[in-house]
Protein chains: 2
Amino acid sequence: MARGRSSSGRPTIRDVAERAQVSVATVSRILSGSYTAPPETQERVMKAVEALDYVVNANARSLNARSGLVAVVVNDITSPFFMNVASGVEEQAMADGRVCIVCSTQGVPERELSVIELLRARGVEAVILVGGMAEGEQHLGQLAAAAEALDRAGARMVLCGRSWAGPDAPIDVVESDVEGGAFAATNHLLSAGHTRVAHLAGPHEFSVARQRLHGYERALRAYGIEPDPALIASSDMTRETGYAAARTLLTGTDATAVFCANDMSAAGAVAAARDLGRSVPDDVSVVGFDDIPLAEDVYPGLTTVHVPQQELGRSATRLALHRRAGDPPRRHVMLGSHIVVRQSVAPPARLSGKGTP
Amino acid sequence: MARGRSSSGRPTIRDVAERAQVSVATVSRILSGSYTAPPETQERVMKAVEALDYVVNANARSLNARSGLVAVVVNDITSPFFMNVASGVEEQAMADGRVCIVCSTQGVPERELSVIELLRARGVEAVILVGGMAEGEQHLGQLAAAAEALDRAGARMVLCGRSWAGPDAPIDVVESDVEGGAFAATNHLLSAGHTRVAHLAGPHEFSVARQRLHGYERALRAYGIEPDPALIASSDMTRETGYAAARTLLTGTDATAVFCANDMSAAGAVAAARDLGRSVPDDVSVVGFDDIPLAEDVYPGLTTVHVPQQELGRSATRLALHRRAGDPPRRHVMLGSHIVVRQSVAPPARLSGKGTP
DNA sequence: CCCGTCACTGTAAACGTTTCCATGAACGTT
DNA sequence: AACGTTCATGGAAACGTTTACAGTGACGGG
């Protein structure tokens, strides 16, 4: 039952019109709610729609009207940080009457461009780029070109939780104060009495990783300590590589504290410490970054820098969607971040030994 | 630079044709790679495409050709379990030359239907439904209708990691052996010597939650123990509700072990135990379900039932995409699950006291 | 009684593709 | 020399909508 008149496939607006004994124009008008038809006709059309189980062909519609699509592009669909930001985008998009879809580059930086192109082909109204590691000279150029192309098509692209590595950003950017957060985190360790504070850095090509490194170094210097390259290891911000890097850091150096580039690698560092028979926080203190839900479940609870993930997403979406005539072409939003104290930090063993009577 | 000839918006195929001095048909043919044009023309067209920064309008294309879109629908975009399954879908979809998008119902069960409708409107080729709590009589009926409508449009819908609650499924289903897993998990606790094994169940409307409950009860009975309703609490499988439910379970009963409906609520249970001053596993044993990455980071490492999340997604996608003429209309794939032993289970305190000399 | 207004509806032209069919040229076969 | 084949191309008809424009009656004011 409920088959359309057309030879095959979905019923079309013509089938509905035929069945309801009106013209396609009338059906279109009623369905898009663009005006008030007399209840009698309205009903006839609705009945036909019901009977045929008709849905508009959104692709055909997009030929004339706006698509109503907002897309989030993430590097890895399983990363809690990215997906928390994405859920913020989703929320705001829905509030603005749009539909949100999530696409992934599957960890391949170059794919970022092809995904954007694909979205442009689909006529999305906004592309929110969250995270993303590829920040080479050439890639940035192509990104700028892609943004311009989107612009021409009436769509907006905004960088979210990631900063533009070049001189001035050709697109909107929403980020949190990463360097300030890193400074605060390192400072937290220093003021607990640590002097040998290591940093488990992220990939150097990644601007937010560099910012964390800078914040770390700045905090050390503010304490009169010159950063020691031996205390800086590098991971790609996953649990596994964090584990490995932390392990060498803890065995090869006299570090009593580690500031990690993100919570994921911090979880790896905690596991590494445990496997080496070092207690956290008694033998070694650990601080993370991001404040993903995991941070609360790791034992001991991870002291970390809170990044307002949902708000990052919401804000980026607002920027993309709410554009008024007078707005400056490029906008930049900087959200604050603050430290969340849990149980993974304590004074260094020697000091705490000295400190107690 | 690089502006199209049209008044505004993106350049069209006509602009390209004009610039390359060929017909639109030729351009279309060359771009879709449907035949081999002489290199000279080929080059002219490519140059024009480049110069105008042209991308096809995928919506217009979808009017005639297939869309190449595969969609995953999840309940909550921030759930690790769902997103791991989704990444499996993504992988397989890409392998089959399709593009994968993720949509969320944002925790609102009814929204599932509207999202499916929206996807139908976009002409997707496959809809993979992962998770999803709404399984009322009426909802299932509507789901079946939606599946039929998709079918008519030449698209496939498959249920993934979730079973059809009614008599026989009107659509393809891929699931893991949930009841068997629950049986094994409970059995693991029983054979460690526990007799007061509690169950932190999921919502009863949710078929996979019911299956876990059944497996739990079956294991108890196999040990000659009649399930005690007092030992069964309920959460909605989040960390927070798991925490609350576990807390009442641990204070109000003499349970020495808890089998949790999923790892998330198990993490809550572990936290509750800790906050009550009960050590895991010495005072209380905990077993989870799913084996999400978190299970490894919780302390102590969570003994849990491994569900092949990626494979679930891959398999569902294959089912949707690889359909041959002779295939039965409805298929059902059941993947195995097995227990992963970590550190959250030990013999009950009394027994272990008795057991040692 | 005429005419402007109004509410409702239909016709047809976009929108940007793909693809069927036709055309003409070059070329090897009989 | 007449003829099929192949190749490269163009014209035009779909695909399923939306929407500008035009048309129909009905109605009420002059």
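Keep in mind that this is a model prediction, so the values were computed, not measured. Computed over heavy atoms, backbone and side chain alike; hydrogens, waters and symmetry mates excluded. In the text below, chain A, chain B and the rest are named by the order of the sequence lines, each starting its count at 1.
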Return the value, rounded to whole Å, for the distance between atom [atom1] of [X] and atom [atom2] of [N].
X: B/N59; N: C/dA14; atom1: CG; atom2: C1'; answer: 16 Å
X: B/E40; N: D/dC7; atom1: CD; atom2: C1'; answer: 15 Å
X: A/R66; N: D/dT17; atom1: CZ; atom2: C1'; answer: 16 Å
X: A/E18; N: C/dG10; atom1: CD; atom2: P; answer: 13 Å
X: A/L31; N: D/dT17; atom1: CG; atom2: P; answer: 9 Å
X: A/Y54; N: D/dG16; atom1: OH; atom2: P; answer: 10 Å
X: B/R10; N: C/dT17; atom1: CZ; atom2: C1'; answer: 11 Å

Where do N or O atoms of nucleotides 13-15 of chain D meet protein N or O atoms at under 3.5 Å, pair by pair?
{"residue": "D/dC15", "atom": "O2", "partner": "B/N64", "partner atom": "OD1", "Å": "2.9"}

Lys/Arg-Asp/Glu bridge criterion (N-O < 4.0 Å) met for [X], [Y]:
X: A/E311; Y: A/R318; answer: yes
X: A/E43; Y: A/K47; answer: yes
X: B/E18; Y: B/R14; answer: no

B/W164 to B/L159 - nearest heavy-atom pair and separation: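 Of all heavy-atom pairs spanning B/W164 and B/L159, the closest is CE3-CD2, 3.8 Å.
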For B/S163 versus B/E175, what's the shortest heavy-atom pair and its separation?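 Closest approach of B/S163 to B/E175: CB-OE1, 2.9 Å.
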Within this structure, what is the [atom1]-[atom2] distance for the pair [X] and [Y], rounded to the nearest 0.5 Å?
X: B/R111; Y: B/S104; atom1: CZ; atom2: OG; result: 7.5 Å
X: B/L312; Y: B/R314; atom1: CG; atom2: CZ; result: 10.0 Å
X: A/C100; Y: A/Q92; atom1: SG; atom2: CD; result: 11.0 Å
X: B/L118; Y: B/L113; atom1: CG; atom2: CG; result: 12.5 Å

When we call it a touch if two heavy atoms are under 4.0 Å apart, what does B/A25 touch: a base, just sugar-phosphate, or nothing?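 Counting heavy atoms under 4.0 Å across all strands, the contact made by B/A25 includes a base.
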Considering every strand and a 4.0 Å limit on heavy-atom distances, what is the contact class for B/S62: base, sugar-phosphate, or nothing?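 Nothing, no heavy atom under 4.0 Å.
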Between B/S23 and D/dG11, is there a side-chain N or O to OP1/OP2 distance below 4.0 Å?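 For D/dG11, OP1/OP2 do not have a side-chain N/O of B/S23 under 4.0 Å.
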B/Q42, CD: over 12 other non-hydrogen atoms inside 6.0 angstrom: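 Result for CD/B/Q42: enclosed.
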Ignoring the backbone of B/V22, work out which of D/dG10, D/dT9, C/dT18 is nearest its side chain.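 Output: D/dG10.
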Which nucleotide wins on minimum distance to the side chain of A/T26, given the candidates C/dT17, D/dT9, C/dT9?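 Closest nucleotide to the A/T26 side chain: C/dT9.
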Taking for each residue the nucleotide of DNA chain D with the nearest heavy atom, is it B/I30 or A/R61 whose nucleotide lies nearer the 5' end?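 The residue mapped nearer the 5' terminus is B/I30.
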Given the structure, check if the side chain of B/R29 and the base of D/dG10 hold any donor-acceptor pair shorter than 3.5 Å.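 Donor-acceptor pair under 3.5 Å: yes.
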Within residues 117-125 of chain B: residues closer than 4.0 Å to DNA chain D (heavy atoms):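 Per residue number, the list is empty: none.
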Run the side-chain contact (heavy atoms from CB on, under 4.5 Å) test on B/C160 and B/V85 for me, step by step, so that the C-alpha distance in whole Å, both residues' side-chain angles and the decisive distance to 0.1 Å come before the verdict. CA-CA 8 Å; B/C160 181; B/V85 176; 3.6 Å; yes
Positive for salt bridge (Lys or Arg N to Asp or Glu O under 4.0 Å) with B/D172, one of B/R162, B/R330, B/R156: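 Of the listed residues B/R162, B/R330, B/R156, the salt bridge (Lys or Arg N to Asp or Glu O under 4.0 Å) partner of B/D172 is B/R156.
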To the nearest 10°, give me the bend of the helix from C/dC1-D/dG30 to C/dT30-D/dA1, comparing the axes of its five terminal pairs at either end.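 About 60° separates the two local helix axes.
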